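Below is one structure, written out as structure tokens; the observations come after it.
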Amino acid sequence: MIKFEKFELENGLKVIVHQDETTPIVAFNLLYDVGARDEDETKTGFAHLFEHLMFGGSVNIPNFDEPLQFVGGDNNAFTSNDITNYYITIPKNNLETAFWLDSDRMLSLAFTEKSLEVQRQVVVEEFKQTSLNQPYGDVWSLLRPLVYKKHPYQWATIGKEISHIENATMQDVKDFFFKHYLPCNAILCVAGNVTTEEIKTLAEKWFGNIPSGKKWFRNLPTEPKQTEERRLRVERDVPANAIYKAYRMCKKTDDDFYATDLLSDILSNGNSARLYQALVKNNNLFSEISAYVMGSFDEGIFVISGNLQENISFEEAEKAIEKELNEIKKTFVAVNELTKVKNKIISSHEFAETSVLNKAMNLAIAELLGDANDVNLENDNYAKVTPEDIHRVANQILIPSNCSTLIYAMKTEVGRPK
């Protein structure tokens, strides 16, 4: 049970406080309600670009990292299709440094041509390294637009193409910042040996005078129901053939999310899971295979992906996957098999809660999705899932007409037939 209190400043900044007296370290987590799904389709990669720009310094503090290092703090950030999250861990007696730094870049980020050019080059290089020059690096750039035709989940966080970042103007960058990086579009969670009164005082002092800005309301296109199987085959210079099968599924806040997540664990969480036993260990069709859910805030995808063993055809591999999926759709999962995966996921949640930073992140995300207290209900929600729920969800989503398949083939050698 994670206990917390919350309050809101007049400018709309929501603040959550979790007191943990067992640690000398405080986690300062600032979540902005902006991700890649909020970008213009002709200007993608901006949320990720801002993850970098926010470390480029503010008007008053040209180097964000240096003051933190002086006081024993550490920081980082991540961007997803749904959110951008910045976090600092710092000794309790130096906590005010975190408030000073993050409030200053929210109020007065330094918009300089030099900073934009430096971070633009960093992001362009990252795009090349992760998407263009790395084996299987373009999988999500291929799979997402295969699954999504209307919703902006159709591009990866890194962006659709390099040119969108290369051509970003200073005005583009300012427009994106002043639309999204506002107190009314942010949630701050502070977790550690702190009191609510202490955090109220610091929040008012450092964030209270930042103008609220105009709250932006998300209005994204709804992805139409998929009614027929989609397929794409590509050839790349990779060490092994691979298959990616993506099935449309519910969003993270839906009741069925828990059953869908457990379904993926039954299929592939650990060496005793069904796909590993049948396709890796017993029949040696795949060198590795996994099933997992994308915990997307809008309707997401359930992915099965694996690398084929040498001399195994795509047709044989796919038939073997389908056989296992048909089995889990046909018969109810045994109670002890379901209990086993429930215990795994519940114990992993409890272990994660030993980290004050994880607690701060999870509280902020839960608050964004509706209520911070939902973090305390997760284990119960998993525990309530029945074999009937697994059976129903499997039959709803693991069907050919709901599947987008990416066949990722090794480049054929010259003179060899495909």
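Just so it is clear, the values below take in all heavy atoms, side chains as well, and ignore hydrogens, waters and symmetry mates. Predicted model, so just to flag it, every value in this text is computed and none were measured.
The CG atom of L398 lies 6.0 Å from the OH atom of Y247; values are rounded to the nearest 0.5 Å. Note: E388 CD to L338 CG = 9.5 Å, rounded to the nearest 0.5 Å. Taking CD1 of I399 as the start and CD of E229 as the end, the distance is 11.0 Å to the nearest 0.5 Å. In this structure, CZ on F4 lies 7.5 Å from CE on M1, to the nearest 0.5 angstrom. Here the straight-line distance linking atom CG of N362 with atom CG of D374 works out to 11.5 Å at 0.5 Å rounding. With rounding to the nearest 0.5 Å, the separation of OG1 in T386 from NZ in K384 is 11.5 Å.
Contact of the T222 side chain with the H151 side chain is not registered, since no non-hydrogen atoms from C-beta on lie closer than 4.5 Å. Within the 4.5 Å cutoff, no side-chain heavy atoms of K3 are placed close to those of Q19. Taking 4.5 Å as the limit, every side-chain heavy atom of S290 sits out of range of all side-chain heavy atoms of I304. The shortest side-chain heavy-atom distance between V303 and K245 does not fall under the 4.5 Å cut-off.
A salt bridge between R236 and D138 is present, with a side-chain N of the basic residue lying under 4.0 Å from a carboxylate O of the acidic one. Under the 4.0 Å criterion applied to side-chain N and carboxylate O atoms, D371 and K6 are assigned as salt-bridge partners. A salt bridge between R120 and E117 is present, with a side-chain N of the basic residue lying under 4.0 Å from a carboxylate O of the acidic one. Look at E299 and K252 and you find no salt bridge, because none of the NZ, NE, NH1 or NH2 atoms lies under 4.0 Å from a carboxylate O. Salt bridge annotation for K329-E324: absent, with no cationic side-chain nitrogen under 4.0 angstrom from a carboxylate oxygen.
Judged by the 6.0 Å distance and 45° axis criteria, R105 is positioned over the aromatic ring of Y86. Relative to the six-membered ring of Y148, R37 misses at least one condition, a distance below 6.0 Å or an angle of at most 45° to the axis. Cation-pi geometry between K200 and F7 is met: the NZ or CZ atom falls under 6.0 Å from the ring centre, inside 45° of the normal.
Smallest separation of non-hydrogen atoms from I390 and A259: CD1-O, 3.4 Å. Closest approach of A203 and L9 over heavy atoms only: O-CD1, 3.7 Å. Residue L308 comes nearest to A240 through the heavy atom pair O-CB, 4.1 Å, listed as atom of the first residue, atom of the second, then distance. Between P211 and L107, the shortest heavy-atom contact is CD-CD1, 4.0 Å. A320 and L279 make their closest contact through CB-CD2, 3.4 Å (heavy atoms, listed as atom of the first residue, atom of the second, distance). Shortest non-hydrogen contact noted between A47 and A36 is CB-N, 4.0 Å.
For E367 (side chain) and A364 (main-chain N/O), no donor-acceptor pair under 3.5 Å exists by modelled atom type. At least one donor-acceptor pair closer than 3.5 Å links the side chain of N241 to the backbone N or O of M410. Proximity of a side-chain donor or acceptor of E10 to a complementary backbone N or O of G208 within less than 3.5 Å is not detected. Side chain of N11 to main chain of I210: a donor-acceptor pair is present (N/O by atom type, distance under 3.5 Å, no hydrogens or angles). Formation of a donor-acceptor pair under 3.5 Å by the N381 side chain with backbone atoms of L377 is found in this model. The main-chain N or O of G45 is found under 3.5 Å from a side-chain atom of E39 such that the two form a donor-acceptor pair. Counting only distance, with no hydrogens or angles, the side chain of S347 and the backbone of K344 share a donor-acceptor pair below 3.5 Å. Not a single donor-acceptor pair under 3.5 Å links the side chain of R233 to the backbone N or O of A409. Side-chain N or O atoms of S103 include one that pairs as donor or acceptor with a backbone N or O of W100 at under 3.5 Å. Between the side chain of D82 and the backbone N or O of F297, at least one donor-acceptor pair lies under 3.5 Å.
Using bins of under 30°, 30° to 60° and over 60° for the plane-to-plane angle, the ring pair Y408/Y244 lands in the perpendicular bin.
Few gaps surround CD on Q226; more than 12 heavy atoms of other groups in view lie less than 6.0 Å from it. Within 6.0 Å of NZ on K160 lie more than 12 heavy atoms contributed by other residues, nucleotides or ligands. Taking a 6.0 Å sphere around NZ of K92, one finds it holds more than 12 heavy atoms contributed by other residues, nucleotides or ligands. No more than 12 heavy atoms of other residues, nucleotides or ligands lie within 6.0 Å of CG in D255, so this atom counts as exposed by the packing criterion. Dense packing is recorded around NZ of K149, with more than 12 heavy atoms of other residues, nucleotides or ligands lying under 6.0 Å away. For K251, the NZ atom is loosely surrounded, since the number of other residues' heavy atoms within 6.0 Å does not exceed 12.
Just one of D74, N63, I88, N94 meets the side chain to side chain contact (heavy atoms under 4.5 Å, CB included) condition when paired with L68; it is I88. Here the options are V385, D389, N379, the test is side chain to side chain contact (heavy atoms under 4.5 Å, CB included), and the partner is Y258; only V385 passes.
At a cut-off of 3.5 Å, with distance as the only test, a side-chain donor of Q129 or E125 sits close to an acceptor on the other residue. A donor-acceptor pair shorter than 3.5 Å can be found between the side chains of N307 and E288. Using modelled atom types and a 3.5 Å distance limit, the side chains of T169 and D172 yield a donor-acceptor pair. Judged purely by distance below 3.5 Å, without hydrogens or angles, the side chains of T22 and D20 pair a donor atom with an acceptor atom. Side-chain atoms of H164 and K43 include no donor-acceptor pair closer than 3.5 Å. Residues E198 and T195 bring a donor and an acceptor atom of their side chains to less than 3.5 Å of each other. Judged by distance alone, the side chains of E126 and H52 do bring a donor and an acceptor atom under 3.5 Å apart.
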Would you tabulate the side-chain donor-acceptor contacts of residues 179-194 under 3.5 Å, counting partners in other chains and residues two or more places apart, or write 'none'?
unit_1: N185; atom_1: OD1; unit_2: K215; atom_2: NZ; d: 3.0
unit_1: N185; atom_1: ND2; unit_2: D33; atom_2: O; d: 3.2
unit_1: N185; atom_1: ND2; unit_2: H180; atom_2: O; d: 2.9

Please list, one pair per line, the donor and acceptor atoms closer than 3.5 Å that link side chains of residues 261-269 to other protein atoms, with sequence neighbours excluded.
unit_1: D261; atom_1: OD2; unit_2: Y382; atom_2: OH; d: 2.6
unit_1: S264; atom_1: OG; unit_2: D261; atom_2: O; d: 2.6
unit_1: S268; atom_1: OG; unit_2: A291; atom_2: N; d: 2.7
unit_1: S268; atom_1: OG; unit_2: A291; atom_2: O; d: 3.0

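Applying the side chain to side chain donor-acceptor pair (under 3.5 Å) criterion to T79, with sequence neighbours excluded, gives E51.
Between F111 and F178, the ring centre distance stays below 6.0 Å. For F28 and Y87, the gap between ring centers reaches or exceeds 6.0 Å.
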Could you walk me through whether D256 and R392 pass the salt bridge (charged side-chain N to carboxylate O under 4.0 Å, His left out) test, one step at a time?
CA-CA 10 Å; D256 275 345; R392 175 176 51 79; 2.9 Å; yes
If you apply the rule side-chain contact (heavy atoms from CB on, under 4.5 Å), what do you find for I407 with R231, and how did you get there?
CA-CA 8 Å; I407 299 296; R231 299 182 72 84; 3.8 Å; yes
